[in-house]
Participant: 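One structure, pasted below without further comment.
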Protein chains: 2
Amino acid sequence: MTTMDDVARIAGVSGSTVSHVLNGTRAVNERTRFRVLEAIESTGYRRNGLARSLAMQRTQTLGLAISVLSNPYFGSLVNTIEKVASAAGYTIVLADTHDDPEREEQTVNTLLDRQVDGLILAPASSSGGSNEVLDMVRASRTPVVLIDRFQDFPCDQYAPENFEPVRLLASHLLELGHRRIAAITGTRGLSTTIERTAGFIAAMAAAGIDRSAVLVEEGRSTADGGHAAMDRLLGLESPPTAVVSLNNAMTIGVMKSLRQAGLKVPKDVALVGFDDFEWADSFEPRLTTMAQDIESMATQAVQMLLQRIQGSDAPFARESIAPFMRHRNSCGCPD
Amino acid sequence: MTTMDDVARIAGVSGSTVSHVLNGTRAVNERTRFRVLEAIESTGYRRNGLARSLAMQRTQTLGLAISVLSNPYFGSLVNTIEKVASAAGYTIVLADTHDDPEREEQTVNTLLDRQVDGLILAPASSSGGSNEVLDMVRASRTPVVLIDRFQDFPCDQYAPENFEPVRLLASHLLELGHRRIAAITGTRGLSTTIERTAGFIAAMAAAGIDRSAVLVEEGRSTADGGHAAMDRLLGLESPPTAVVSLNNAMTIGVMKSLRQAGLKVPKDVALVGFDDFEWADSFEPRLTTMAQDIESMATQAVQMLLQRIQGSDAPFARESIAPFMRHRNSCGCPD
DNA sequence: CTGAAAGCGCTAACAA
DNA sequence: TTGTTAGCGCTTTCAG
């Protein structure tokens, strides 16, 4: 491979001049400049970003550690992050945590080793108090912002509101007269799961539903998990008349289960879900959901991260993004 | 930041010993080894992957250049690629081409500058003969494999079959008695668009449909585009009785348009689409589609790329991945 | 079993 | 306006 020195030799100048021509970091005589450009052209020289980054102590790179699969919004999330980041001259390095603490530690380590300038992380289940991964990040002094889930850690965090939206969803079902309502819950241990489940329980409690009649089934945040959970619910001697699915993927699984059982939504079972779908307006049943504002979350997260990279020492943000209800007909309300 | 030399000093050994301890690249006395590990622990040392990569001349990094938004399978694609890559010790660097030649050149350049060990590219519209971007890649001697769309260029390529599947889709509608059928086409210029459109035209021609009665409307590969295209079709004095949407996102747009017009699928208009949805089995209308085997495409692509990185000089692969039909009820067939 | 030292390719102070 | 040179932090050959 041609290096900068090769180019310099050919152009009859020093390496530093080539560097400055390339980066526009100091005035260069128009003639020499031209010779350098010519030498670059003729050799097909391409600068080595690694060497550059090593010397400059920054990589213009943002690490994104997230569970690809279990994030229903992965596409728009990445899209938004990429858009904002690349507009600021940053590239995204992606690593999948699989929502598993062990993998998470691994991937975050990889990202940190690669000297990302900043890190966006959707933290995997926090096993209670301290968070080793975040401690590692802190030790590396790499700016970090958490998305999708809050953690008890001093750093910027952007995540959806969970409790209230789910409480609303469940209340809606209650208002429609349902008394036997089930919640299909996500990956155990995630703060989102905990909060959403709490919202459901709270609604049921407020309605005076007997504790023993409150159905909570684990759907592990996946379509298959949701499917299995709904199957279990249908096997009960007194199955629920309404269901609230606590995330996107599980909602699809629940629908599959219901369809296979020959049950119609909302006629036989009412269904509402956390997380919206772009197509939800056009297919029957038209799902009543709580839609998250992913773009806003992602945009804010990246912007804050970029500020931190610039050295901002503003107090840490911890912002709840409020979902909004998409009231359609799967809950049993008329169109 | 602590460097390797700091660790070496503390452990009372040379830098090279620390390096070897870290990488297990040569036998080290158990005692010195321990001292080194201890020094690492005590300092919280983290190795600088940049310096390492620079010295080793490889980054263990794969570049993924793709249009995030316009790829309906982005999620599973990335998921699969990440899975295979990370199993082989590679990290993914993501760059969005936006399916725009200019942006594509930019992003590929970034990736190449960053010294990715290999590149996976979903090429943007080829403006005819030569492909500058691919020439650049070749000049850099970076192994590359193309996905999603074929190009007239000597490198490994994995893309879906387009012509035959669409021909089949259209034929099916023809067999059901439709004579006025429209195709909603994707981004102009993409090979996929061209081939799919050709498949549609071929089916119509074979059925002896008059050329002037063959409806082809541009949907630009987006939901909005599909929506608008369908709106236009509905505005015709003699609107189509059946539609084949040539990609995922557009299918949703078409459904939106139809719903807004108060039309039912398949009763008022039959609809079939290229690209499947995970939820298509559970919502009405249940879409009849051609499902791509993304995982297989992605897996093969990454594996081949890894081989190239290892130095394989096998003849270039150019593999068509055959989609398979998901026959459901949106075409008008009974369940 | 271990260390010295020469790179890897670039940036940026300093000097001219 | 340009060149010299000392790093950036690591790997790896060659000696010992």
Side-chain angles (χ1 to χ4, degrees), chain A residues 1-37 39-40 43-61 89 109-110 112-117 140-142, chain B residues 1-37 39-40 43-61 89 109-110 112-117 140-142:
Chain A
M1 270 300 70
T2 17
T3 74
M4 207 148 147
D5 282 334
D6 296 331
V7 173
R9 206 162 305 122
I10 293 177
V13 299
S14 77
S16 78
T17 294
V18 176
S19 170
H20 284 118
V21 166
L22 236 41
N23 303 311
T25 34
R26 84 176 174 195
V28 173
N29 180 303
E30 205 36 56
R31 289 259 279 283
T32 23
R33 191 187 138 74
F34 184 75
R35 290 215 312 283
V36 170
L37 257 18
I40 288 177
T43 52
Y45 165 76
R46 162 184 309 284
R47 90 169 139 206
N48 186 321
L50 246 40
R52 180 177 158 81
S53 290
L54 182 59
M56 304 216 316
Q57 305 274 57
R58 59 197 170 77
T59 56
Q60 293 292 109
T61 271
N109 257 319
T110 309
L112 258 22
D113 280 359
R114 275 174 215 277
Q115 311 291 116
V116 294
D117 291 339
S140 77
R141 296 178 200 297
T142 307
Chain B
M1 268 299 74
T2 18
T3 74
M4 207 147 143
D5 282 335
D6 295 332
V7 173
R9 206 162 304 122
I10 293 177
V13 299
S14 76
S16 77
T17 294
V18 176
S19 170
H20 285 117
V21 166
L22 236 39
N23 303 310
T25 34
R26 84 177 174 196
V28 172
N29 180 302
E30 205 36 57
R31 290 257 279 281
T32 25
R33 189 186 140 73
F34 184 75
R35 288 216 312 283
V36 169
L37 259 16
I40 289 177
T43 53
Y45 166 75
R46 160 181 315 278
R47 88 168 139 207
N48 185 322
L50 246 39
R52 179 179 160 82
S53 290
L54 180 60
M56 306 215 313
Q57 305 272 57
R58 59 197 171 74
T59 55
Q60 294 292 107
T61 271
N109 258 321
T110 309
L112 259 21
D113 280 359
R114 274 172 216 277
Q115 310 292 114
V116 294
D117 291 339
S140 77
R141 296 179 199 298
T142 308

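So that the names make sense, note that chain A is the first sequence line, chain B the second, and so on, each numbered from 1. For the numbers below, each heavy atom of this structure counts, side chains included, while hydrogens, waters and symmetry mates do not. If you're wondering where the values come from, they're calculated on a predicted model, not measured in any experiment.
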Participant: Output the single nucleotide from C/dT2, D/dC8, D/dC10 whose closest atom is nearest the side chain of A/Gln57.
Facilitator: D/dC8
Participant: In whole Å, I'd like the distance from the CG atom of B/Asp5 to the P atom of C/dG3.
Facilitator: 12 Å
Participant: Nearest whole angstrom, please: distance from the C1' of C/dC8 to the CG of A/Asp6.
Facilitator: 13 Å
Participant: Could you say whether B/Ala55 or A/Val18 is positioned toward the 5' end of DNA chain C, judged by the nucleotide with the nearest heavy atom to each?
Facilitator: B/Ala55
Participant: What's the shortest heavy-atom distance between B/Arg26 and B/Ser16, and which atoms?
Facilitator: NH2-OG, 3.7 Å
Participant: Between A/Arg31 and B/Ser53, which residue's closest nucleotide on DNA chain D lies nearer the 5′ terminus?
Facilitator: A/Arg31
Participant: So if I take every side-chain heavy atom of A/Asn29 and compare against C/dC10, D/dG3, D/dT2, which nucleotide ends up nearest?
Facilitator: D/dT2
Participant: Is any side-chain N or O of B/Thr3 closer than 4.0 Å to OP1 or OP2 of D/dG9?
Facilitator: no
Participant: Which nucleotide in the set C/dT11, C/dA12, C/dG3 lies at the smallest distance from any side-chain heavy atom of A/Arg52?
Facilitator: C/dT11
Participant: To the nearest Å, give me how far apart CG (B/Asp113) and C1' (C/dG9) are.
Facilitator: 13 Å
Participant: Name the closest nucleotide to the A/Arg47 side chain, picking from C/dT11, C/dA4, D/dT11.
Facilitator: C/dT11
Participant: Shortest non-hydrogen contact from B/Gly15 to B/Ala8?
Facilitator: N-CB, 3.7 Å
Participant: Looking at B/Thr32, I'd like to know whether one of its side-chain N or O atoms comes within less than 4.0 Å of OP1 or OP2 on C/dT2.
Facilitator: yes
Participant: If you look at every heavy atom in B/Val18 and B/Met4, which pair is closest and at what distance?
Facilitator: CG1-CG, 3.6 Å
Participant: Taking atom types as modelled, find out whether A/Asp117 and A/Thr61 have a side-chain donor-acceptor pair closer than 3.5 angstrom.
Facilitator: no
Participant: Measure from the side chain of B/Met4, starting at C-beta and using heavy atoms only, and say which of D/dC10, C/dC1, D/dG3 lies closest.
Facilitator: D/dC10
Participant: Test for a donor-acceptor pair under 3.5 Å between the base of D/dG3 and the side chain of A/Thr17, counting only N and O atoms.
Facilitator: no
Participant: Rounded to the nearest angstrom, tell me the gap between atom CE in B/Met56 and atom P in D/dG9.
Facilitator: 18 Å
Participant: What is the distance, to the nearest angstrom, from the CZ atom on A/Arg9 to the C1' atom on D/dG3?
Facilitator: 14 Å
Participant: Does A/Asn23 place a side-chain N or O at less than 4.0 Å from the phosphate oxygens OP1/OP2 of C/dT11?
Facilitator: yes
Participant: Starting from P on C/dG9, measure out to CE on A/Met1 and report it in whole angstrom.
Facilitator: 10 Å
Participant: From CZ of A/Arg114 over to P of D/dC10, roughly how many Å is that when rounded to an integer?
Facilitator: 15 Å
Participant: Round to a whole Å and report the spacing from CZ of A/Arg35 to C1' of D/dT1.
Facilitator: 12 Å
Participant: What about B/Arg26, does its side chain sit under 3.5 Å from the base of C/dG3 through a donor-acceptor pair?
Facilitator: yes
Participant: Please answer whether the main-chain N or O of B/Gly49 pairs with a side-chain N or O of A/Arg114 as donor and acceptor at a distance below 3.5 Å.
Facilitator: no
Participant: Would you indicate, yes or no, if D/dT11 has its OP1 or OP2 atom less than 4.0 angstrom from a side-chain nitrogen or oxygen of B/Ser19?
Facilitator: yes
Participant: With distance as the sole test, does B/Thr43 use its side chain to make a donor-acceptor pair with the main-chain N or O of B/Val7 at under 3.5 Å?
Facilitator: no
Participant: Under 4.0 angstrom, heavy atoms only, what part of the nucleic acid is B/Thr25 near: base, sugar-phosphate, or nothing?
Facilitator: nothing
Participant: What's the closest nucleotide to the B/Ser16 side chain, out of D/dT4, C/dA4, D/dT1?
Facilitator: C/dA4
Participant: From D/dT4, C/dT2, C/dG9, pick the nucleotide closest to the side chain of B/Leu54?
Facilitator: C/dG9
